[in-house]
Novice: 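Sharing a structure, written as structure tokens. Questions coming.
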Amino acid sequence: MALLFLCLFLIHIGFSHHVSADFNSDFDIMWGNDHVRILDNGQQWQLTLDNSSGSGIQSKSEYLFAKIDMQIKLVPGNSAGTVTGYYLSSQGDKHDEIDFEFLGNLSGDPYIMHTNLFSQGKGNREQQFYLWFDPTADFHNYSVLWNPQLIVFSVDGTPVRVFKNIENLGVAYPKNQSMTLYSSLWNGSDWATRGGAVKIDWSKAPFVASYQNLNAQVCTSSSDCSANSWYSKAALDSSEQQKLQWVRKKYMIYDYCSNTKWFPLAPPAECTH
Ligand SMILES: *[C@@H]1O[C@H](CO)[C@@H](O)[C@H](O)[C@H]1NC(C)=O
Ligand SMILES: *[C@@H]1O[C@H](CO)[C@@H](O)[C@H](O)[C@H]1NC(C)=O
Ligand SMILES: *[C@@H]1O[C@H](CO)[C@@H](O)[C@H](O)[C@H]1NC(C)=O
Ligand SMILES: *[C@@H]1O[C@H](CO)[C@@H](O)[C@H](O)[C@H]1NC(C)=O
Ligand SMILES: *[C@@H]1O[C@H](CO)[C@@H](O)[C@H](O)[C@H]1NC(C)=O
């Protein structure tokens with residue numbers, strides 16, 4: 001009872017809920033039931049893929065703004081053709097989505113970290129990166145900060161992508177639809193690796209992606225998060241800016257903003273503001 005009052009009190013003065021790594025209380029299996037392994041009392045879990053199925057999970061709750069750190073160790077060895085997705089998404093055809101997808105590769109060849117962002121059903125905002133470490137050797141943090149002012153994608157605390165709220169310039173911003181957190185591991189043979197040229201080698205199955213130490217501060221439509229510092233962040237500081245520029249310069253391999261086939265006259269407003 002005392003705890004309930006404390007919770008109500010905290011919600012009242014504007015703090016987010018805390019979600020920590022416990023698979024059993026925070027997630028449901030979406031598909032591939034027997035391809036999800038839950039370890040260490042729910043503190044760690046693994047998604048697996050073989051020639052009979054992949055697997056996917058989703059959070060039990062929906063969030064409206066969140067700061068999420070997830071530690072993931074990607075499929076090791078020959079992971080060509082596999083895709084490990086980790087994303088937030090709302091429902092419906094005018095949906096919002098914040099997307100990380102990790103495209104596997106042959107042993108020793110680099111993964112691609114593919115990102116995208118949908119606002120009210122409009123996507124086509126892909127940016128792709130190589131990573132500056134081997135994402136299969138160890139766990140690394142892949143993080144999303146999503147508040148009313150901006151969305152920041154980060155890897156081990158290094159921002160790799162920022163999307164600002166520029167609704168005033170007519171660009172829809174994800175802020176009125178709650179999103180669920182998803183992760184899945186699936187067969188992307190037809191496009192993932194070198195544009196589909198390298199398929200999954202099923203003799204290497206099962207493919208396994210591992211997760212641990214989810215650390216999330218989340219708001220729900222009924223909660224007010226205004227007392228959290230992450231909620232009011234409106235811009236990167238100068239050291240974060242420098243890191244972002246470093247990643248863009250050295251590791252970015254595709255940016256929709258530079259796609260002159262799609263945008264022969266001028267890139268979309270969010271690319272220049
Ligand atoms: C994997 O995907 C490819 C391309 O879509 C498809 O041809 C193949 O049958 C799939 N294999 C399995 C085992 O699901
Ligand atoms: C799937 O993999 C199993 C185990 O490696 C193998 O015995 C089976 O023949 C495979 N099935 C198909 C349809 O490739
Ligand atoms: C809220 O989201 C819906 C999509 O479900 C969209 O059609 C509507 O325009 C949005 N409203 C505002 C005020 O952004
Ligand atoms: C990953 O995130 C956790 C939880 O937020 C933090 O304690 C840890 O220091 C982070 N690790 C790295 C390598 O950034
Ligand atoms: C896989 O490796 C090739 C060769 O190094 C590279 O061109 C490609 O970008 C890598 N990643 C994917 C997912 O195809």
Side-chain angles (χ1 to χ4, degrees), residues 29-37 46-58 70-87 89 97-118 123-144 153-156 158 160-161 182-211 244 246-262:
I29 296 176
M30 204 171 29
W31 53 287
N33 239 304
D34 56 350
H35 285 65
V36 179
R37 302 177 186 152
Q46 296 178 333
L47 301 185
T48 71
L49 164 69
D50 61 23
N51 69 5
S52 69
S53 181
S55 48
I57 62 168
Q58 68 179 78
M70 177 88 92
Q71 294 190 359
I72 308 176
K73 184 156 87 174
L74 296 173
V75 175
N78 179 354
S79 59
T82 69
V83 179
T84 306
Y86 158 55
Y87 55 102
S89 181
E97 185 173 323
I98 301 170
D99 229 351
F100 277 104
E101 279 177 348
F102 300 94
L103 316 184
N105 217 330
L106 296 169
S107 300
D109 279 349
Y111 261 80
I112 287 177
M113 181 173 77
H114 174 99
T115 65
N116 201 356
L117 193 144
F118 288 74
N124 291 340
R125 295 194 174 103
E126 294 86 356
Q127 288 184 354
Q128 295 187 330
F129 307 84
Y130 288 143
L131 292 160
W132 49 96
F133 50 83
D134 174 0
T136 72
D138 224 326
F139 286 94
H140 291 270
N141 281 334
Y142 300 94
S143 310
V144 174
F153 298 67
S154 312
V155 177
D156 289 339
T158 295
V160 299
R161 176 167 191 176
Y182 297 91
S183 192
S184 55
L185 176 57
W186 47 282
N187 170 9
S189 283
D190 56 346
W191 69 282
T193 306
R194 301 172 83 167
V198 188
K199 317 277 184 210
I200 292 186
D201 176 355
W202 293 105
S203 74
K204 301 296 190 299
F207 303 98
V208 180
S210 306
Y211 298 75
L244 177 74
W246 173 76
V247 172
R248 289 178 57 89
K249 191 161 166 238
K250 298 197 71 157
Y251 297 99
M252 185 150 84
I253 55 173
Y254 175 78
D255 184 2
Y256 73 106
C257 290
S258 313
N259 188 331
T260 49
K261 258 192 215 145
W262 285 3

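Each residue takes its place number in the sequence, starting with 1. Atoms within each ligand, like the ligands themselves, are counted from 1 in listed order.
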Novice: Contact between ligand 5 and A80 is defined here as a heavy atom of the residue under 4.0 Å from a ligand atom; is it met?
Specialist: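 In this structure, A80 fails to qualify as a contact of ligand 5 - no heavy atom is under 4.0 Å.
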
Novice: Please report whether atom 4 (C) of ligand 2 has a protein non-hydrogen atom at a separation of less than 4.0 Å.
Specialist: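 For atom 4 (C) of ligand 2 the answer is no, since every protein heavy atom stays at 4.0 Å or beyond.
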
Novice: Looking at L103, which atoms of ligand 5 are within less than 4.0 Å of one of its heavy atoms?
Specialist: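 Once the distances to L103 are compared, the set is 13 (C).
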
Novice: Among D134, L74, T193, exactly one meets side-chain contact (heavy atoms from CB on, under 4.5 Å) together with Y111. Which residue is that?
Specialist: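 Only one of D134, L74, T193 forms a side-chain contact (heavy atoms from CB on, under 4.5 Å) with Y111, namely L74.
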
Novice: Hey, are N259 and Y254 close enough side-chain-wise for a donor-acceptor pair under 3.5 Å?
Specialist: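 On atom types as modelled, these side chains qualify, holding a pair under 3.5 Å.
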
Novice: Can you tell which part of A192 has a heavy atom less than 4.0 Å from ligand 5: side chain, backbone, both or neither?
Specialist: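 Backbone only; the side chain of A192 stays clear of ligand 5.
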
Novice: So Y142 and F100, would you call those rings parallel, tilted or perpendicular, with 30° and 60° as cut-offs?
Specialist: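 Answer is perpendicular, since the angle exceeds 60°.
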
Novice: Quick one: does any side-chain atom of T48 pair with a main-chain N or O of H35 as donor and acceptor, under 3.5 Å?
Specialist: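 Pair found, side chain donor or acceptor close to backbone of H35.
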
Novice: Can you sort out which atoms of ligand 5 are near I112, meaning under 4.0 Å from one of its heavy atoms?
Specialist: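 By the 4.0 Å cutoff, the relevant atoms are 9 (O), 11 (N), 12 (C), 13 (C).
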
Novice: Side chains of T82 and N187: closer than 4.5 Å at any heavy-atom pair?
Specialist: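 Heavy-atom side-chain distance check fails, nothing below 4.5 Å.
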
Novice: What protein heavy atom sits nearest atom 14 (O) of ligand 5, and how far away is it?
Specialist: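 The protein heavy atom lying closest is R194 N, 2.8 Å.
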
Novice: N141 side chain to V155 main-chain N or O, any donor-acceptor pair under 3.5 Å?
Specialist: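 No: the side chain of N141 does not pair with the backbone of V155.
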
Novice: Between N105 and ligand 5, is there a nitrogen or oxygen pair with a distance under 3.5 Å?
Specialist: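 N/O-N/O distance below 3.5 Å exists for this pair.
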
Novice: Relative to the heavy atoms of G104, which atoms of ligand 5 are at a distance of less than 4.0 Å?
Specialist: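 Taking each heavy atom of G104 in turn, ligand 5 has 13 (C) under 4.0 Å.
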
Novice: Counting from 1, what ligand 5 atoms have a heavy atom of Y130 closer than 4.0 Å?
Specialist: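 Reading through ligand 5 atom by atom, the close ones are 6 (C), 7 (O), 8 (C), 9 (O).
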
Novice: Is a side-chain N or O of S189 found less than 3.5 angstrom from the main chain of I200, in a donor-acceptor match?
Specialist: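 Such a contact is found between S189 side chain and I200 backbone.
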
Novice: Using a 4.0 Å cutoff against the non-hydrogen atoms of D190, which atoms of ligand 1 qualify?
Specialist: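 Close to D190: 4 (C), 5 (O).
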
Novice: Do ligand 1 and N51 have nitrogen or oxygen atoms that lie under 3.5 Å from each other?
Specialist: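 No - when backbone and side-chain N and O of N51 are compared with those of ligand 1, no distance drops under 3.5 Å.
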
Novice: How about Y130 and I112: do any of their side-chain heavy atoms sit closer than 4.5 Å?
Specialist: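 Result yes, sub-4.5 Å side-chain heavy-atom pair found.
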
Novice: Under 4.5 Å between any side-chain heavy atoms of W246 and Y251, yes or no?
Specialist: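 Result yes, sub-4.5 Å side-chain heavy-atom pair found.
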
Novice: Answer yes if a protein heavy atom lies under 4.0 Å from atom 9 (O) of ligand 2, otherwise answer no.
Specialist: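 Given the 4.0 Å limit, the answer for atom 9 (O) of ligand 2 is no, no protein heavy atom qualifies.
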
Novice: What are the atoms of ligand 5, with element, lying closer than 4.0 Å to any heavy atom of D109?
Specialist: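 The list of qualifying atoms is 1 (C), 2 (O), 4 (C), 5 (O).
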
Novice: Minimum distance, heavy atoms only, to atom 6 (C) of ligand 1: which one of T82, N187, I200 is it?
Specialist: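 Considering heavy atoms of T82, N187, I200, the nearest to atom 6 (C) of ligand 1 sits in N187.
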
